[in-house]
Amino acid sequence: MDKLIIFDTTLRDGEQAPGATLNEREKIEIARQLVTLGVDVIEAGFPISSPGDFRAVKRIASTVKGAVVCGLARAVAKDIDAAYQATKPAHGGARIHVFLATSKIHMQYKLKKAEDEILRLAVESVKYAKKYTGDIEFSPEDASRTDPEFLFRVVEEVVKAGAVTVNIPDTVGYAYPAEYGTLIRAIREHVPNIHRAVISVHCHNDLGLAVANSLEAVKSGARQVECTINGIGERAGNASMEEIVMTIRTRRDSFPHVTAAINTQEIYKTSRLVSKLTGFVVAPNKAIVGNNAFRHESGIHQDGVMKKRQTYEIIAPEDVGFTGTSLVLGKHSGRHAFEKRLAEMGIRLSEKELIRTFEKFKELADKKKNVYEEDLVSLIEDEINKPSEVWQFDSLSYASGTRVTPSATVRLKKQGKSSAVTSTGDGPVDACYKAIEKITKVKTRLLDYRIEAVTSGKDALGDVSVKVQAGKKVAMGRGSSTDVIEASAKAFLNAVNKLVRQEKKAAPFHL
Ligand code: KIV
Ligand code: ZN
């Protein structure tokens, strides 16, 4: 049986999804969870793209143990130097991932270079990276639209130069399964030295075929898949890890030759964490991790499942860690029980954070009879990100009704200094947002606003996610509270903080 290498690119390609910016602490938290999940390689970022990305990759490399840490680089020395400097502290090994486009359209219009020049650059960059580490991956970007003869030559030459993984990206999600599988088989047939490298695949979801293409490639001999949690990524996203892993596991009959070392019981938790921190809501009907993925509505189905689960369920919810809503604590729970519960949930907090979140938990337990695991996750995510936020939420009061002009007074803090502004608006949420804009002086456009209840019950926490634009920058924000106006204000402020923090990234995809 061959091992299928799971290469997670949530922190690199996933973070390239418009609005999905993560701060350093959030990236480390996700990286830690990816290790618990059991991924083999974490693509932690694109170090040359910004000082923030460089720092985050370096922090992940030096703190996270149990996976290879990879940094992306264009086929130029300064990128490769940065990828090496950022990944070199990695405990589980460092990988440099070099990419260069090889399709006619990219070479002619984007790179303005002929085939021979591209081939030379590809080989030179791999040789250059090789002086740093043996673990070199090369990606001929837009491989699925590359002339196959040229692609074979590039793959053969980069393997000769020292690449030990050759990734075949379907960069624009153009391929369909039979065609992509044929391409992988053709590479195995026409590249004489291909046995010296692992064939990897990296599929985008523009036609909704990323997972199908990845699976077909595995059947055709690929032994590494590049994927993201919840399928987040550029445009329509990347292949979703949970779908690939669970297909291989559920359809062992069709994938008898490969096995992935993923601890599937961590899937649900990882999905929630990524959703929470990126602000990307998981659709209720999303395969494997959607809220409805294990819900049976029709009476016939419910009856069938009660008689024999497998009648309508091909995956046991527990296998992906979906345990339903579990009651954890109440208003009489003490600090010790709180701490113990967090440890069981795999949440690590510093002493200071623990004190702060325990206070918040007590406040929540006063308003809400039962506190569930999901409530705790929401509360903690809200709390631990606060110190890194430029503007901190202090207080809010608002008035609204059918015969009054809605108004809100918001008080925010910046470096200990507090400012309050009162605004009116179309509704209390609009009034809050206008007040926040006035204080922060960030002019925004609200692109999306969603609210969902974290658990059931009238006293449930409301979880608000927003997508906000300021100029060319887009950010997602999330906030929760038993008061939905407060949750809305926190979500908006969270997004505004991300906009303020966003560093201008160097144009990463142009040579
Ligand atoms: O989609 C793509 O081609 C990429 C490469 C950098 C591998 O993300
Ligand atoms: Zn990609």
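Read the numbers this way: they start at 1 and go in the same order the structure lists the ligands and their atoms.
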query: Would the number of heavy atoms belonging to other residues, nucleotides or ligands and lying under 6.0 Å from NZ of K130 be above 12?
result: yes
- request: May I have the angle between H202 NE2 and H204 NE2 with its vertex at the Zn ion (ligand 2), rounded to 10°?
  value: 100°
- request: State which residue, out of R249, K286, R251, fulfils the salt bridge (charged side-chain N to carboxylate O under 4.0 Å, His left out) condition with E243.
  value: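 By the salt bridge (charged side-chain N to carboxylate O under 4.0 Å, His left out) criterion, E243 pairs with just one of R249, K286, R251: K286.
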message: I'd like to know whether ligand 1 has H97 as a neighbour, heavy-atom separation below 4.0 Å.
response: yes
Region of [X] that comes within reach of ligand 1 [heavy atoms, distance under 4.0 Å]:
| X | value |
| --- | --- |
| T171 | both |
| R12 | side chain |
| H204 | side chain |
| E234 | neither |

- request: Determine, for K276 against E29, whether the closest basic-nitrogen to carboxylate-oxygen distance falls under 4.0 angstrom.
  value: no
task: Ignoring hydrogens and angles, state whether a donor on the side chain of Q224 or S200 is under 3.5 Å from an acceptor on the partner side chain.
output: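 Their side chains do contain a donor-acceptor pair, which is all the 3.5 Å distance test asks for.
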- prompt: Taking atom types as modelled and ignoring hydrogens, do the side chains of T228 and N238 form a donor-acceptor contact shorter than 3.5 angstrom?
  reply: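 The answer is no; no qualifying pair exists.
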task: State which residue, out of L72, L11, T87, fulfils the side-chain contact (heavy atoms from CB on, under 4.5 Å) condition with V57.
output: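 Among L72, L11, T87, the one that satisfies the side-chain contact (heavy atoms from CB on, under 4.5 Å) with V57 is T87.
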query: Measuring to the Zn ion (ligand 2), does E234 have an N/O/S atom at a distance below 2.8 Å?
result: no
From CA spacing to verdict: side-chain hydrogen bond (donor to acceptor under 3.5 Å, both in side chains), Y180, S220: CA-CA 9 Å; Y180 195 55; S220 305; over 6 Å; no
statement: In D13, the N/O/S atom nearest the Zn ion (ligand 2) carries the name OD2
query: Going by the atom numbers of ligand 1, which of them fall below 4.0 Å from some non-hydrogen atom of E141?
result: 3 (O)
- prompt: Which ligand 1 atoms does D13 reach within 4.0 Å, using its non-hydrogen atoms?
  reply: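 Taking each heavy atom of D13 in turn, ligand 1 has 8 (O) under 4.0 Å.
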- request: Look at the aromatic rings of H202 and H204 and report parallel, tilted or perpendicular, splitting at 30° and 60°.
  value: tilted
- prompt: Is S139 close to ligand 1, meaning an N/O of one under 3.5 Å from an N/O of the other?
  reply: no
